[in-house]
Amino acid sequence: WAEGLGGTLLSRQTAMQYGGAAKVIMPIYQLMKSSETQRQKILNDTTLTREQKNDEIMAVNGEQTRKIQQLIAGSKTTE
C-alpha cells in the first residue's frame, strides 16, 4: 500500500510539474509502474550485457517520458 501511495504522489507531482490535469494522475502512475516492471526485467536478464541493459533501460525511460508528455498534452486540450 505504501508503495502505491508513494507512486501516486510521484505521479501527481509529475502531472503538476508539466501542468497536467488531475485526471492524468492514475494513467501516469500506471505507466510509471509498468516502466519500472520493464526496467526490472531488463536488469534481471542474464543474457544481456551491461551495455545492452543500459541501452534498453534508456529506451524504456525515453518511451516513458514521451508517453507522459502525450498524456499531459492530451489533458490540456480537454480541460
Side-chain angles (χ1 to χ4, degrees):
W1 182 81
E3 178 183 314
L5 179 61
T8 303
L9 292 174
L10 182 58
S11 301
R12 179 177 298 186
Q13 290 173 339
T14 302
M16 291 172 56
Q17 176 182 352
Y18 292 102
K23 66 184 173 185
V24 298
I25 292 171
M26 282 310 294
I28 288 174
Y29 169 72
Q30 291 166 343
L31 174 62
M32 293 171 75
K33 192 171 180 176
S34 173
S35 295
E36 182 57 28
T37 299
Q38 289 177 322
R39 284 189 287 270
Q40 289 303 315
K41 284 181 182 179
I42 292 165
L43 289 172
N44 292 329
D45 188 339
T46 59
T47 66
L48 297 175
T49 66
R50 184 177 300 203
E51 185 176 328
Q52 289 171 322
K53 288 179 182 183
N54 287 339
D55 289 346
E56 291 204 25
I57 286 178
M58 287 177 57
V60 169
N61 291 344
E63 184 69 8
Q64 175 182 310
T65 299
R66 187 184 66 75
K67 287 181 179 179
I68 288 173
Q69 290 170 342
Q70 286 178 335
L71 287 167
I72 299 295
S75 76
K76 288 182 180 179
T77 60
T78 59
E79 285 182 350

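All values reported here derive from a predicted model rather than from experimental measurement.
- Scored by the side-chain contact (heavy atoms from CB on, under 4.5 Å) test, L43 finds Q40, I57 as partners (sequence neighbours excluded).
- Evaluation of the side-chain contact (heavy atoms from CB on, under 4.5 Å) rule for E56 yields I42, L48 as partners, not counting sequence neighbours.
- Under the salt bridge (Lys or Arg N to Asp or Glu O under 4.0 Å) criterion, K41 pairs with no residue, sequence neighbours left out.
- Annotation: side-chain hydrogen bond (donor to acceptor under 3.5 Å, both in side chains) contacts of D45 (sequence neighbours excluded): T47.
- Scored by the salt bridge (Lys or Arg N to Asp or Glu O under 4.0 Å) test, E63 finds R66, K67 as partners (sequence neighbours excluded).
- Remark: T49 pairs with E51, Q52 by the side-chain contact (heavy atoms from CB on, under 4.5 Å) rule, at least two apart or across chains.
- Checking side-chain atoms of S35 against main-chain N and O of L31 turns up a donor-acceptor pair under 3.5 Å.
- Think of M58 as one node in a network of Ile, Leu, Val, Met, Phe, Trp and Tyr side chains linked at under 4.5 Å; it has no links at all.
- With sequence neighbours excluded, no residue satisfies side-chain hydrogen bond (donor to acceptor under 3.5 Å, both in side chains) with Q38.
- For N61, the side-chain hydrogen bond (donor to acceptor under 3.5 Å, both in side chains) partners two or more places apart in sequence, or in a different chain, are R39.
- In this structure, CG in D55 is found 13.0 Å from CZ in R50, a value given to the nearest 0.5 Å.
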